[in-house]
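Quick notes on the structure that follows.
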Amino acid sequence: MIELKNIYKIYGDGEGEIRALDGISLHVSKGEFVSIVGSSGSGKSTCMNIIGCLDIPTSGEYYLNGTDVSTMTENELAHVRNRELGFIFQQYNLIPKLTVRENVELPLLYKGVKAHERTELALHALDRVGLGDRGDKYPSQLSGGQQQRVSIARALAGEPPVILADEPTGALDSKTGREVLDFLKQLNREGTTIVLITHDNSIAAEIKRVVRIQDGRIVSDEVKEDLQ
Amino acid sequence: MNIKQAFSLAIKSLAGSKMRSFLTMLGIIIGVAAVIIIVSIVNGMTKDIIDEFESMGATTITVSVRGRGGNRSVSIDDMQNLVDDNPEYLKSMTPNITVPGATAKNGSDNLDVSSCVGVNEYYTDIKGLVVEQGRGIEYVDCEARLRNCVIGTYIANELYQGQALGQQIRINGQIYTIVGILEEQADSTEASSDDIIIVPYTLASRLSNSFTMGSYTFNAVSKEVADEAQELIDDYLLGVFSNTNAYNVSNMSSMIDSINEMTATMSLVLAGVAGVSLLVGGIGIMNIMLVSVTERTREIGIRKSLGATPWDIMSQFVVEAITTSCIGGVLGILLGIGGSYAATLFDMTAVISVPAILLSFSISAMIGIAFGYFPAKKASKLNPIDALRYD
Ligand SMILES: Nc1ncnc2c1ncn2[C@@H]1O[C@H](COP(=O)(O)OP(=O)(O)OP(=O)(O)O)[C@@H](O)[C@H]1O
Ligand SMILES: [Mg+2]
């Protein structure tokens, strides 16, 4: 499903160059739940952005469902981001002047779903994160945890096969963080492939496969067979 | 995303910042209104001038004959025959013999007459003059060389305090009877069209101390045949003189044509000047769109990360620019029409030009596309991750 081969991401050049990713190879199969851990600045987000087709590697190959992403046109990339991937950002990234429901509708809008169906699907996704009654509010009228749930609903709305979550619990207290994690686990049980970045070792401990990154390299990739 | 969605998105975004949207539109509003007001006022001026000329007679054809030398000449009878032979083109004609430097005297009062002309019985009709008291010059006056005259209100007021009918008047020392007084045309002022004496043409040459200047005025059957009638006279005179320099034939409708041409050029130049303000308005739109693209970089990044194609982003911004300029265009049209009506309150004639409205509106829509395109293109090319990181 997701196949990174020898990915480099280098910022700057010569003396001052920063190797954000220094030869990453990673394979994620359909239905897996993978967590990526590592210290700050180790390259987790950079890696996630490349998987999410938001950023382009300096070198290396990335195959998504067998297709080389580097050969895709802008429109094909947009299509992939829209249909194949759901991104949950650490900073929520909601559009402030749109209502919660309109925010959740966005991926459906670009998918070409008709207005009434869009509303229905968006409300359903909001229901799933427990915010079915907040559709007409604006993001600024919600708490941080609620906003993060909106961004999860937005990632779910189009029912993408892969969800990429970049520290979704980073800004939340441990209780809400817990809820989010349980929710992602639930999604994974339903068949969604999930890649989760986290700082939190207690969260990583609950996830079957943990990939540890340091200085842009994968230093360990362990699967706990006892977890399902 | 389709156009309808892009449109409602644009409306929403414009409504979100009304003051800014209005200021953005202001350039377009003023530009469109200026084009419409200027064109309608110039149109109104043209209409005034043309109405004036038409009231003077769009069917009037003036013929002056210069070539007096040699044995080739035309007589008044030749000219009258021309009318009689071509009733489908020509209705009537009058000689128009100017007596230069005429003076008029009543008892010891005297004055210089600005225009003293010898004419026949058709003159008042051809010139569209109305005899208010008494009668005009008649056939018998000319035929029997009766010393009767018709005067304008300036002379009637100056020499007779308005009680002129039936009185005697000395014109260049010769005694005439005032048989008619013309309706006032120009406030009875000196040297205006009220400062006039009309005498039978058969007497005009006797009134002159030195010479007279002769011309003929024809009346065509209708405005539509005025050009053919002019040609007919032209052909006839060319046959007589075989030299186009010997005479001159002109008609009012060709003059109206040249006035139309002149004012059309004028209106084009003025509308061009107003068009520059439209352009400035367009640059205003581009400026605001560029700012708005920068401001919304993050939003663009979010939309792209959720699957917006470059086209989706571009259409969002282009539609927003077009919506801005079109709303501006409509407001400008309303202001332009209102302004044109306001001009009529100041005694100006304003004729609203539909082509000017359509043109300025489509120009403003085009400005929206043209000046919205560049910022929109910029927005659509943003790299999603760079846009997301933008603060
Ligand atoms: N646009 C950029 N220009 C230059 N350097 C960059 C850029 N983006 C990231 N980096 C560098 O790449 C390295 C990896 O950054 P990245 O954001 O992937 O870290 P991270 O593992 O997500 O850290 P954190 O846990 O703090 O989010 C860092 O050293 C960072 O300074
Ligand atoms: Mg990060």
Side-chain angles (χ1 to χ4, degrees), chain A residues 9 11 20 45-57 72-99 102-115 118 138-139 151 154-158 160 164 166, chain B residues 1-21 288 291-320 323-324 376-391:
Chain A
K9 181 74 188 181
Y11 293 108
S45 292
T46 309
C47 182
M48 189 71 114
N49 292 334
I50 286 170
I51 295 173
C53 297
L54 300 178
D55 207 355
I56 310 153
M72 290 187 190
T73 63
E74 271 288 325
N75 283 338
E76 284 166 342
L77 286 172
H79 191 270
V80 164
R81 286 178 211 130
N82 186 232
R83 309 280 171 112
E84 303 297 327
L85 308 166
F87 223 107
I88 301 169
F89 299 95
Q90 186 173 355
Q91 324 80 326
Y92 324 137
N93 279 339
L94 301 174
I95 296 176
K97 64 178 186 211
L98 299 183
T99 64
E102 285 167 335
N103 265 289
V104 176
E105 277 183 28
L106 278 178
L108 303 168
L109 175 73
Y110 294 122
K111 204 172 178 175
V113 177
K114 286 202 175 60
R118 231 161 45 213
Y138 285 87
S151 86
R154 183 178 63 185
L156 297 179
L164 307 172
D166 189 351
Chain B
M1 193 166 62
N2 62 32
I3 293 299
K4 207 179 114 198
Q5 289 161 344
F7 185 73
S8 65
L9 208 68
I11 292 284
K12 223 174 148 156
S13 149
L14 293 180
S17 43
K18 290 190 190 69
M19 191 62 190
R20 176 205 274 197
S21 308
I288 293 292
V291 170
S292 138
V293 165
T294 314
E295 249 180 23
R296 282 148 68 184
T297 301
R298 236 183 125 78
E299 177 188 330
I300 294 164
I302 295 170
R303 287 177 184 276
K304 285 199 127 186
S305 76
L306 298 174
T309 61
W311 167 256
D312 289 331
I313 300 294
M314 198 165 98
S315 56
Q316 179 185 341
F317 282 89
V318 169
V319 167
E320 200 171 308
T323 309
T324 309
K377 189 87 196 161
K378 187 183 152 186
S380 76
K381 281 205 169 133
L382 282 172
N383 186 4
I385 195 66
D386 293 341
L388 276 172
R389 282 214 190 99
Y390 189 90
D391 271 312

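Order of the sequence lines fixes the chain letters, A, B, ..., with proteins taken first and strands second; residue numbering starts at 1 for each chain. Only a predicted model underlies this, so the values are computations on that prediction, with no experimental measurement involved.
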Using heavy-atom distances under 4.5 Å, tell me whether A:Arg154 contacts chain B through its side chain, its backbone, both, or neither.
side chain
Would you check, one step at a time, whether the test side chain to side chain contact (heavy atoms under 4.5 Å, CB included) holds for A:Asp166 with A:Phe89?
CA-CA 5 Å; A:Asp166 189 351; A:Phe89 299 95; 5.8 Å; no
List the residues meeting side-chain contact (heavy atoms from CB on, under 4.5 Å) with A:Lys97, not counting sequence neighbours, and say none if there are none.
A:Ile95, B:Ser13, B:Arg296, B:Glu299
Among residues at least two apart in sequence or on other chains, which ones pass salt bridge (charged side-chain N to carboxylate O under 4.0 Å, His left out) with A:Arg118?
A:Glu105
Going by atom types only, do B:Arg303 and A:Tyr110 share a side-chain donor-acceptor pair under 3.5 Å?
yes
Chain B heavy atoms under 4.5 Å from A:Asn49: which part of the residue, side chain, backbone, both or neither?
side chain
Where does A:Leu98 contact chain B at under 4.5 Å (heavy atoms): side chain, backbone, both or neither?
side chain
Does a salt bridge link A:Glu76 with A:Arg81, judged by any charged N lying under 4.0 Å from a carboxylate O?
no
Can you tell me which of B:Ala387, B:Gly301, B:Ser305 forms the most heavy-atom pairs within a distance under 4.5 Å of chain A?
B:Ser305
Chain A: which of B:Leu306, B:Leu388, B:Asn383 shares the most heavy-atom pairs with it under 4.5 Å?
B:Leu306
